[in-house]
Amino acid sequence: MSLLRDLREILSTEQILSDELDRLCYSYDSSFISRLHSFCPDAVVLPRSVEETAAVIKYAAQQGIPIVPRGAGSGESGGAVPVQGGIVMDLSTWKDVVELDVANMQILVRPGLVHAQLNRLLAPHGLFFPPDPGSSKMATIGGMVANNSSGLRAIKYGVTENYVLGLEVVLPDGRVITTGGQDCRAIKNVSGLNLTKLFVGSEGVLGVITGVRLRLWPRPQSRGIVMAAFPKLEDAPKAVMAVFQAGMLPSGMEIMDSSAIEAVNLYHPQLKLPAAEAILLFEVDGNPPGVAWQVDQIRTICQRWAVEVEEALEEERMTQLWEGRSLVAAAVSRLRSEGTRAFIGEDISVPLSRVPEALRGIKSLADKHQIKVVLFGHIGDGNLHTAPVIDPDDEGEVARVQHLADDIHRLALKLQGTVTGEHGIGFVRSQYARQEHGLALDVMVQVKRALDPLGIMNPGKIFPSPAKGAGADGKGTASTAQ
Amino acid sequence: MEKELRRLLNKCVRCGTCRSECPILAEVGFEGASPRGLIFLLQGLLSGQVAAKKMADRVYNCLLCDACTAVCPSGVEITNLIRTSRMELGRIPAFGPLLKLALNMFLTRPTLVAAGSRLLWAYQRSGLDRALRNTGILRILPGDLGRAEHMLPPLSIRTARGMLPELIPAVGKRRYRVGYFLGCATNLLYPQVAQALVRVLAANGCEVVIPKEMRCCGIPHLTYGLVDTYAELVQSNLQVFKEAKVDAIISDCASCTATLSQMGKQPLGCNADLPWDEAAKMAKKVWDFSAFLVDELGPNRIKRDLAGKVTYHDPCHLARGVHVTRQPRHLLGKLGLELVEMPNADVCCGAAGTFALAHYDLSMAILKKKIDGVGRTGAPLVATSCPACIMQLTAGVKAYGVPAKVIHPAELAAQAY
Ligand SMILES: Cc1cc2nc3c(=O)[nH]c(=O)nc-3n(C[C@H](O)[C@H](O)[C@H](O)COP(=O)(O)OP(=O)(O)OC[C@H]3O[C@@H](n4cnc5c(N)ncnc54)[C@H](O)[C@@H]3O)c2cc1C
Ligand code: SF4
Ligand code: SF4
């Protein structure tokens, strides 16, 4: 085992995992497709410094061994799964705060810091990092940057990329760069090509992120939640549009269909959500009188269609409602005794005006394929999550759910949307890249080749393999980056 | 059974939520040590991808603290699955057949337990313990038993059972007839807790029975997957409490409380023919001491206020097993103490039954975090409702030099009555 022997020259023994069972535990993330295969890495390393990371990458480059960066493995697209073997680099144990600069409202952290922990440590300083993924409890900042994650507050606060001031990245040849200016702490900065934005959302195919400088925002003084229950699913998007038209921008606008409501009630029985075809959760934040005013306005608007509207203003109730919604993605498994939630076809995003069409479309596709699906999502930005609940031991269902996912992705493109609003391409959605990006895909491939000519960084992700590269419409040149 | 196991394991959607809570993962860091990793490997075990002999040790790298199960959105019964797999794998690392024998023979019989403890007491009193510690001979004990030996508190020669009569009358008018489930640890290690508890209950109008025939609650057996012995214990305890005709069953031990509260639930892989329904009814009568005092009795006749700061550690089995977190805090406040919360009050202290014996370093690392939290409160008292936690925390404050006394809420309550 020369690989292990070589790695031991670079890292201490406890930072290298070679035991088969330990390695197997890196063959999955939450994506359903990774459940159907066994992608076992040859070794797993747990670096905790830039030097260690760079040394491992230099070695891998010499040997031509794939490197797969990984945070918490909560990704839903197989991004952290070693589809071509190689070395998985688990960065979740490297989670220091290098520097909290309160005066300049920014923080420099290591990639393994977990989102919820970051916000917990910022709270006493009156600051926060606004993007709020449902996976806040587990997702790492490195994973969020690599996936350009967002979540429940994207409608008002945007996505991770809006907060990244600069990155420290180890490139596929082992060089270490700092983007956004080597010593820069300015919040506004248009100097040079925007490499920061290139690496945000690059899903680990361009390098390993070892440091993240995040811009922080003042924490709002107060918040409030309006929960509205609609007897008809189609009415929910109407209420969303009406709130926008009334000149308001809530910090969150979330939808859950009847099954999602049931699942949340099973997860948190004390919440006692009303049965309805759809529930909308609106979160508003800001100063207390502003919050009160908006809550009141939104309630009045919703009452046009809703049968029940609740103003939740107590912290405990709000936290529970938010957590219930955040984790409904996994809670839907509770709906069926022999079933489990499959993370597949789960992340389309469509223009606001086409949300009703998308909701209807997904439901009819699910009927066509005879798969039970649960719908929820960030309706304020058109990002709809479909959660199929299947029996993973039933081969028929396993096949049908994959066809369903394919159809949902195609529906999204037809509606001028995208196959992924926030979870990324990974290795489960690359077949749509040509149709979605046309010639721009070739430029992406060029960028990848320029930075990673050997193709060792997270191979098999984002870019379609040559066979799939032609895309659904058959146009454009077949391309591959590996 | 295999089908049922597969169904339960399939429930895991690999979301990773459980990663956020596991004290073991927080220490060691790699996925294989996480609850999600364990569930994945158990799936592999069931499908034949993972060899049983490689799994045997891994299923013991868990505190069974339930922190993961409590947050799992998908409803995976992680801890139960780990317990069941222990039974299936049927091997007890580090201790081997000896502990198994002890669990099957020894802990199930009250008189044998007491006899054993008296031997231990004699060992401590003779000074032999110090002598052995000095020679380092303890190091050759299996696993980490040798190094963990210092965690054992000084035993008292008399057990609680020996000090207390079988029936204690209520002071004043009788409001309830309660059974006191005198657990093994309190009986042997902390008889003063038992005395205090009985005094407070009696002062609040309870007639207290401590049935002689009561046996272990069965948690060690469940922990090591000995479900048949467990079922035997349930059956016998059920009978004992039926005969005692009590309104409620009170326990001062978080683990006993949680186990008895589940006594109506047939463990996976157990085929014993028991009146589980009846056991379920009995289980409804089980109360933690503080919960009973606060929610049912209303701690009224307090004679004098205590003063000073106290912090409270939530035992895993109380906080997540039976969701009792509010009542002990309320009680401490009622007694006149000022409660100062420690950070992560509900994180496992690392004791977890015999876990500390087999994984000494890991257990101490988890304990250190806990004790750092205690230290930050500046409170001279740490209250907790579980003898195993008392033992672990006491060893912790000593090892890490935090000047705090660890005490059961019942003892504090007794000072006020
Ligand atoms: C229940 C649930 C709810 C979710 N809700 C949301 C949501 O609301 N919004 C949302 O956007 N996502 C959501 N997600 C998806 C997922 O949690 C996010 O994509 C998250 O940011 C991934 O972080 P991670 O640490 O788990 O990364 P991983 O899954 O480990 O990795 C994700 C990708 O990033 C790469 N990567 C990781 N670390 C680095 C690094 N340091 N350098 C370079 N590349 C790296 C990996 O190679 C991989 O391609 C949810 C997931 C679950 C299971
Ligand atoms: S929280 Fe539950 S569903 Fe999610 S990974 Fe852990 S065990 Fe699996
Ligand atoms: S029971 Fe506790 S120690 Fe065991 S896996 Fe769950 S969280 Fe970790």
Side-chain angles (χ1 to χ4, degrees), chain A residues 14-15 17 19-32 34-35 38 44 46 70 72-76 88 90 92-94 112 114 116-117 134-139 263-264 266-268 323-324 326-334 337-343 387 391-393, chain B residues 2-22 25-47 49-59 61 67-68 70-77 323 343-344 361:
Chain A
E14 47 94 32
Q15 290 174 287
L17 304 176
D19 177 82
E20 190 202 351
L21 299 197
D22 283 331
R23 286 183 290 119
L24 270 174
C25 289
Y26 289 86
S27 63
Y28 56 79
D29 61 1
S30 68
S31 64
F32 183 66
S34 68
R35 220 177 155 125
S38 186
V44 178
L46 299 98
R70 179 180 173 105
S74 71
E76 301 181 16
V88 166
D90 179 346
S92 68
T93 66
W94 188 17
V114 167
Q117 281 168 0
S135 48
S136 164
K137 278 188 173 176
M138 53 277 193
V264 172
L266 288 169
Y267 179 35
H268 280 326
E323 198 198 84
S326 294
L327 292 169
V328 67
V332 298
S333 294
R334 294 179 185 249
S337 119
E338 75 293 0
T340 191
R341 190 257 154 109
F343 286 96
D391 175 355
D393 286 340
Chain B
E2 197 182 316
K3 201 160 161 239
E4 177 64 358
L5 273 178
R6 185 186 301 279
R7 183 185 75 81
L8 292 169
L9 289 166
N10 272 344
K11 284 257 160 233
C12 174
V13 299
R14 302 189 185 156
C15 65
T17 309
C18 52
R19 280 179 55 99
S20 61
E21 307 296 324
C22 178
L25 180 68
E27 287 306 322
V28 300
F30 53 89
E31 178 72 19
S34 74
R36 175 175 62 175
L38 284 172
I39 293 293
F40 169 80
L41 292 173
L42 291 178
Q43 288 173 339
L45 184 68
L46 204 63
S47 68
Q49 195 191 2
V50 168
K53 89 172 182 294
K54 298 194 78 178
M55 270 312 279
D57 287 334
R58 287 185 183 248
V59 290
N61 292 341
C68 49
V71 296
C72 172
S74 195
V76 181
E77 296 183 35
H323 307 288
N344 302 334
D361 290 327

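This is a predicted model, so every value here is computed, not measured. Order of the sequence lines sets the chain letters (A, B, ...), proteins ahead of strands, with each chain counted from 1.
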Interface moiety of [X] toward chain B, non-hydrogen atoms closer than 4.5 Å:
| X | result |
| --- | --- |
| A/Ser31 | neither |
| A/Ser74 | both |
| A/Ser30 | both |
| A/Glu20 | both |
| A/Asp29 | backbone |
| A/Leu24 | both |
| A/Ser136 | neither |
| A/Asp22 | both |
| A/Leu46 | side chain |
| A/Arg70 | side chain |

So B/Gln49 and B/Gln43, side chain to side chain contact (heavy atoms under 4.5 Å, CB included) or not? Walk me through it.
-> CA-CA 8 Å; B/Gln49 195 191 2; B/Gln43 288 173 339; over 6 Å; no

Is it true that B/Glu77 and B/Lys11 have a side-chain N and a carboxylate O under 4.0 angstrom from each other?
-> no

Proximity breakdown for [X] and chain A, heavy-atom pairs closer than 4.5 Å:
| X | result |
| --- | --- |
| B/Arg58 | side chain |
| B/Val71 | both |
| B/Phe40 | side chain |
| B/Cys18 | neither |

Smallest separation among heavy atoms of [X] and [Y], with atom names:
| X | Y | result |
| --- | --- | --- |
| B/Arg19 | A/Ser92 | NH2-OG, 3.3 Å |
| A/Glu76 | A/Phe343 | OE1-CD2, 3.0 Å |
| A/Arg35 | B/Val13 | NH1-CA, 4.0 Å |
| A/Leu327 | A/Gly134 | CD2-O, 3.6 Å |
| B/Val59 | B/Ala56 | CG2-O, 3.3 Å |
| A/Leu21 | A/Asp19 | N-OD2, 2.9 Å |

Pairs of heavy atoms under 4.5 Å with chain A: top-ranked of B/Lys54, B/Arg36, B/Arg6, B/Met55 = B/Arg36

May I ask you to test the B/Cys15-B/Ser74 pair for a side-chain heavy-atom distance under 4.5 Å?
-> no

Report the option among A/Gly112, A/Ser337, A/Ser135, A/Ser38 that has the most heavy-atom pairs separated by less than 4.5 Å from atoms of chain B.
-> A/Ser337

